[in-house]
Amino acid sequence: MKNREIIMRRLEKGDGEIEKLRFMLNRGGTREQVEEVLITLRESIDDAKSFIQQEPLGPGEINTFN
């Protein structure tokens, strides 16, 4: 997998955003703060998906994302 490091960084960023949401729930974050974190989280997921779609397929593998 040629984009392994990039994908892992995007997933780690997403994990950090989930922790921000958990913190906001415990500390009473505003709706705007939560929506901002959700947008960032969605962007991280979309970035990871796009890098995965660029990966070459292995033998017997079907890319269902295209």
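Every value quoted in this text rests on a predicted model; they were computed, and no experiment measured them.
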Which distance, rounded to the nearest 0.5 Å, do you find between the [atom1] of [X] and the [atom2] of [Y]?
X	Y	atom1	atom2	answer
Ile45	Ser50	CD1	OG	12.5 Å
Phe51	Ile6	CZ	CD1	4.5 Å
Thr40	Lys20	OG1	NZ	6.5 Å
Ser44	Lys13	OG	NZ	4.5 Å
Glu36	Leu21	CD	CG	11.0 Å
Asp15	Met8	CG	CE	9.5 Å

Inset, instruction - Determine, for Glu12 against Arg9, whether the closest basic-nitrogen to carboxylate-oxygen distance falls under 4.0 angstrom. - result: no
Inset, instruction - Look at Arg31 together with Glu35 and state whether they make a salt bridge at an N to O cut-off of under 4.0 Å. - result: yes
Inset, instruction - State yes or no: do Leu38 and Met24 share one hydrophobic cluster built from I, L, V, M, F, W and Y residues joined by side-chain heavy-atom distances below 4.5 Å, directly or via other members? - result: yes
Legend entry - Hphob cluster co-occupancy, Leu11 + Ile52, side-chain heavy atoms under 4.5 angstrom: yes
